[in-house]
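What follows is a set of notes on a single structure, which appears directly below.
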Amino acid sequence: MQVYEVFRREREGGPMQHAGNLLAPDAELARHYAREFYGRRQESVRLWIVPRSAILDLDDPDLLQPPFDRSFKKPAGYSTEIKAKLAAARARAGEGEVR
Amino acid sequence: MQVYEVFRREREGGPMQHAGNLLAPDAELARHYAREFYGRRQESVRLWIVPRSAILDLDDPDLLQPPFDRSFKKPAGYSTEIKAKLAAARARAGEGEVR
Amino acid sequence: VNQFDPETTQALKHLLLATADDEFVIGYWDSEWTGIAPVLEEDVAFASLAQDEIGHAQALYQLLANLEGRGDPDTIAYGRPPEGYRHARLLDHPRTDWAFSVARRFLYDTADAARLDALAGSSYEPLAGVVAKMRREERYHLLHMHAWVERLATGGEEPRARLAAALERLWPDALCVLDGIDGDGVLAEAGVLAEPMAAIRRRWLAGLAPELARLGLPAPPAAPTGACRGPGRSDDFRWLWEQLTMVRRSDPEAVW
Amino acid sequence: MSESERVQQFNRHVASGGKVEATDWMPEEYRQAVCRFVEMHANSELMGVLPEREWILRAPTLKRKLALSAKVQDEVGHAQLLYRVAEDLGKPRQAMLADLLAGRTKFHNVFHYPTHSWADVGIIAWLVDAAAIVAQQALRESSYAPYGRTMKKICWEESVHILHGRDVVLTMMNGTARQRALVQDALERWWGPLMQMHGPRTDPAKDRDLAWRIKNKDNETLRQEFLTVYVPRIREIGLEPPDPELGQDDTGRWHYTEPDWKELYAVVTGHGPKSAERLELRRLHYAETQWVRDTVMAAPLAA
């Protein structure tokens with residue numbers, strides 16, 4: 001069984017918002033179960049179902065500069081590894097060192 | 001080049017919400033561009049970057065907006081009836097009805 | 001004003017009662033899985049399928065009450081002795097196990113789809129309206145049950161053996177879903193049905209044949225034998241009838 | 001940053017209303033406390049299915065059949081949502097189910113009791129769900145954000161259950177004298193477990209779950225909130241809770257006969273009237289469907 005994250009749109013024109021996640025053995029049943037958990041009351045007009053493994057997660061406070069300091073949230077060394085990757089990507093994008 | 005959908009968390013504790021998408025040749029640059037456009041300038045707490053090809057899209061009205069009545073799954077299915085029945089039950093109880 | 005002659009109207013009433021009872025009884029049997037299905041996610045899905053069938057039964061009983069000018073869905077659904085129910089023999093079996101319920105569900109939903117196709121253009125307008133809604137909701141049933149039969153058939157020795165045994169056991173009774181309707185010929189002539197039941201049954205079986213062959217699953221027997229829709233009913237259905245009428249029978253003047 | 005400094009910052013963060021996400025760093029003690037709390041909640045939703053499930057086949061009208069089946073379906077859904085939250089904290093779903101079925105973990109007291117009539121279905125859906133929602137609404141602000149977000153959805157669905165339950169009770173109170181008697185009898189059987197449900201008075205200062213704001217209200221506050229809203233609604237339709245001491249003082253505070261905490265302890269440790277039978281029923285169904293989980297659910301569809 002794999003974890004699938006589910007996003008839903010409540011009414012036309014509204015944003016796709018993360019609603020929760022579920023377990024399913026494959027994509028087809030994941031679609032059915034997403035419909036059940038976030039659509040059995042006709043409460044959604046659209047669903048996006050994504051295997052959690054396909055999500056690139058970026059939540060390092062050093063890199064996103066959120067409006068508050070949460071540095072305690074990140075174990076030491078986490079941001080240095082991500083920073084190195086981003087530096088490499090920036091180099092490939094030909095932007096050189098920014099700021 | 002691939003399309004990546006980007007989701008961001010605006011305030012702590014809030015749900016991830018779709019913010020937009022971008023074109024990038026690979027995950028590294030997708031993460032880099034997402035950080036630039038949706039992370040730093042919009043002070044996101046967190047970002048999820050997802051290749052559009054990994055998203056299962058469900059918007060079939062037969063599955064999400066089935067035609068038969070489902071008011072029994074919603075407040076509207078009960079509130080009017082309760083108002084009338086409550087008045088009757090209160091009237092009965094008010095008359096010193098001996099149980 | 002009644003658009004049909006007495007004989008056709010009688011056949012239409014029998015068709016409505018039989019179809020409504022099919023939906024009602026399978027809705028009840030499958031609702032027994034609510035809370036105990038193999039996986040929490042599937043529990044929620046299978047409960048939706050059972051609820052849909054109860055909703056369909058309600059709509060069909062309403063058509064029957066309108067046609068007869070008396071009664072309402074509840075009095076028709078709950079107000080008869082076991083021998084008064086006209087569901088197909090397929091629905092006289094209890095829940096049994098997951099493979100059995102999946103096999104029955106698969107046979108029933110695919111047969112029901114063929115029946116609904118034959119009613120889609122019905123000359124009886126109110127029925128055509130209800131059928132149009134049912135067909136929309138049955139799409140998800142078919143998607144879900146084809147998905148399950150595929151997974152049981154290819155999921156290894158035990159799932160495959162259980163599915164095959166269930167299909168072997170159920171096939172003779174499944175044919176009854178598209179049989180046992182007195183006057184189906186008259187209904188076809190009046191355009192209520194697109195064609196008689198035997199033709200709808202052949203169309204259903206022809207539709208299933210490639211999938212059954214691909215998955216190496218048991219094929220149907222030639223034709224149904226014996227009474228398809230009562231009045232004789234199984235002990236299992238009598239147990240279910242005891243359950244579903246228990247509260248109403250406990251206080252006949254009560255309001256629920 | 002030293003470990004203890006990080007823990008202090010974390011404690012200040014949650015104490016001031018800060019949120020914690022699944023992938024954030026958190027003290028192991030906090031992780032265990034949240035996981036245990038959510039697991040107990042998930043167990044209660046899953047076991048809470050069984051008392052009402054007996055009546056899905058006995059619902060007396062098509063609407064009641066649909067409403068009750070949809071309610072029990074929601075409870076199964078809540079169990080799934082909560083087991084997922086707990087699983088993301090590190091304890092696999094199978095391990096949680098195994099601990100529940102072996103009696104190693106607990107579930108709420110109210111689900112250890114029998115049901116006698118359709119009136120029980122009304123009282124459970126109305127008052128037991130109401131007592132639960134009073135506690136659950138406070139959880140929407142939990143410091144553990146995935147739990148808080150999940151509770152928003154669960155509370156919305158519970159609010160529909162309460163309306164369904166109240167509709168069932170009101171219909172019976174307006175029905176025959178026999179129906180009214182059935183409802184009063186059910187209220188009397190469920191009142192004890194209801195008063196025990198939020199648990200004995202605790203010293204908020206010593207309650208770790210409060211300190212970490214996993215939950216936000218202490219037991220007595222929740223009980224008072226429940227009584228304030230629901231005793232008037234019970235009495236206005238001619239029902240009377242079986243506690244002669246039940247009443248409000250002029251400050252609005254409710255006084256009542258002290259709930260039987262010994263019974264509560266006995267029940268939640270698996271010695272309630274239906275504890276063994278219901279766990280056995282769960283074990284039986286779980287074993288009967290193990291083959292499905294081992295095969296079809298274990299791997300994606302064969303290509």
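Hydrogens, waters and symmetry mates are skipped; everything else that's a heavy atom, side chains included, is used. Please read these numbers as outputs of a predicted model, since none were measured by experiment. In what follows, chains are A, B, ... by sequence order, proteins preceding strands, each numbered from 1.
Note on Arg135(C) versus Asp62(B): no salt bridge recorded, every NZ/NE/NH1/NH2 to OD/OE distance being 4.0 Å or above.
There is no contact between Lys85(B) and chain C, counting heavy-atom distances below 4.5 Å. For Asp69(B), no part lies near chain C; criterion is any non-hydrogen pair under 4.5 Å.
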Item to complete: Could you give me the CA-CA distance, side-chain angles and deciding distance for Gln51(C) and Phe72(B), then say whether side-chain contact (heavy atoms from CB on, under 4.5 Å) is met?
Response: CA-CA 11 Å; Gln51(C) 284 164 34; Phe72(B) 59 90; 3.9 Å; yes
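Contact check for Phe68(B) versus Ile54(C): no side-chain heavy atoms found under the 4.5 Å cut-off.
Shortest non-hydrogen contact noted between Glu137(C) and Arg70(B) is OE2-NH1, 2.9 Å.
Applying the 6.0 Å contact sphere to CZ of Arg70(C) captures no more than 12 heavy atoms from other residues, nucleotides or ligands.
A donor-acceptor contact shorter than 3.5 Å is absent between the side chain of Arg136(C) and the backbone of Leu63(B).
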